[in-house]
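Down below is the structure, laid out as structure tokens.
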Amino acid sequence: MAAGSAPEARGLMDEQTFLDNFNNLIYPHKTYLFYETERMQDDLWIPLDEYKGFLQNKGADMGLERRHAEPIFLERMASWNLDTELRYRITVFISWSPCPDCADELVKFLRENRHVNLRIFAARIYDYLQGYEAGLRALKAAGAEVAMMTFQEFEYCWKNFVDHQQDEDKPFPPWDNLDVRSEELSQRLAGILQNQED
DNA sequence: ATTTTCAAT
């Protein structure tokens, strides 16, 4: 894609939207999801830039049907018609971890698409709905990697999915207590994933 | 240990 095209067309998010929605200390009422795709070739993962970008959940505003970010992503992925003879790795960075229903949908996708590996990094744990722990465990059991975003992932997204306009080398500005919160959430997630009861 | 949770008021 041309370097001069609009940020949105290149799959880039503006800086403030990123900082406002991926901050792991606050509780926004919306979800953003970055995704990128790689294909296995000669034992190496080759990035496929045409399958890289981001999306947001759809709200009840404008009379639209409410949809979580994950079904929108699954629909977008289905439209790619990835070659079942090849091996793909899709990495998702999502501001809220999948709810139980979305986890189930992702699990179903993984069962039906064995040629796709899925890695999910979440900024925060969405624990509002009953059964969220079982949903996360089901994702892991289906072969997905599930982890919390740490400084490394926040910085990665900043560099790879955020539009910095003139200042391409603008460093990621971490918020206070990013690391402390990330560590807390990682410990919580580890406990959830290790727990056997469903 | 903590909570504001893919809104609605």
Side-chain angles (χ1 to χ4, degrees), chain A residues 8 11-36 51-79 90-110 118-140 142 144-151 153-154 156-158 161-162 174-195 197-198:
Chain A
E8 183 80 12
L12 298 179
M13 178 183 288
D14 71 84
E15 292 179 347
Q16 204 54 51
T17 300
F18 176 72
L19 295 172
D20 287 347
N21 285 280
F22 281 83
N23 186 311
N24 57 4
L25 287 159
I26 60 178
Y27 298 76
H29 290 266
K30 51 190 172 178
T31 297
Y32 284 88
L33 184 157
F34 294 117
Y35 58 87
E36 64 180 358
Y51 304 138
K52 172 179 182 287
F54 75 92
L55 54 83
Q56 182 194 354
N57 72 295
K58 297 301 177 197
D61 52 335
M62 298 182 295
L64 296 175
E65 181 190 1
R66 280 172 55 182
R67 295 189 83 191
H68 279 186
E70 296 90 336
I72 297 171
F73 173 62
L74 285 168
E75 193 173 274
R76 190 170 294 191
M77 249 196 308
S79 75
I90 296 175
T91 306
V92 162
F93 303 93
I94 189 167
S95 57
W96 282 114
S97 63
C99 77
D101 286 346
C102 289
D104 285 347
E105 287 203 46
L106 290 165
V107 165
K108 185 181 174 206
F109 169 83
L110 289 172
L118 181 63
R119 300 192 299 173
I120 301 173
F121 292 93
R124 301 174 296 264
I125 298 175
Y126 186 76
D127 55 10
Y128 182 67
L129 297 177
Q130 288 279 340
Y132 73 96
E133 302 103 321
L136 296 173
R137 282 194 289 271
L139 273 170
K140 183 188 176 190
E145 290 182 42
V146 183
M148 301 311 299
M149 292 177 72
T150 66
F151 181 96
E153 284 78 33
F154 290 120
Y156 180 88
C157 287
W158 176 264
F161 291 101
V162 176
W175 47 89
D176 290 346
N177 295 318
L178 181 158
D179 291 316
V180 173
R181 184 59 167 163
S182 177
E183 180 59 28
E184 284 175 359
L185 291 169
S186 294
Q187 294 286 346
R188 264 190 66 195
L189 179 63
I192 290 167
L193 295 180
Q194 283 168 14
N195 195 328
E197 62 177 288
D198 269 339

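Just so we're on the same page: letters track the sequence lines, and every chain starts at 1.
Rounded to an integer number of Å, the gap from Ile125(A) CD1 to dT3(B) C1' is 12 Å. At whole-Å resolution of the value, CZ in Arg181(A) and P in dA1(B) are 13 Å apart. Rounded to an integer number of Å, the gap from Asn177(A) CG to dT3(B) C1' is 15 Å. Between His68(A) atom NE2 and dT5(B) atom P there is a gap of 13 Å when expressed in whole angstrom units. Rounded to an integer number of Å, the gap from CG of Asn57(A) to C1' of dA7(B) is 10 Å. Residue Asn23(A) contributes atom CG, which lies 14 Å from atom C1' of dT5(B) at whole-angstrom precision. Here the P atom of nucleotide dA8(B) and the NZ atom of Lys30(A) are 14 Å apart, to the nearest Å. Across the protein-nucleic acid pair, Leu129(A) atom CG and dA7(B) atom C1' stand 13 Å apart, rounded to whole Å.
Taking only side-chain nitrogens and oxygens, Arg66(A) comes nearer than 4.0 Å to OP1 or OP2 of dA7(B). Between Arg188(A) and the phosphate of dT2(B), there is no side-chain N or O to OP1/OP2 separation shorter than 4.0 Å.
Along DNA chain B, the nucleotide nearest to Tyr27(A) and the one nearest to Ile94(A) differ in position, and the one closer to the 5' end is contacted by Tyr27(A).
Side chain Glu70(A) to base dC6(B): a donor-acceptor pair is found below 3.5 Å. You won't find any donor-acceptor pair under 3.5 Å spanning the side chain of Tyr126(A) and the base of dT5(B), going by distance alone.
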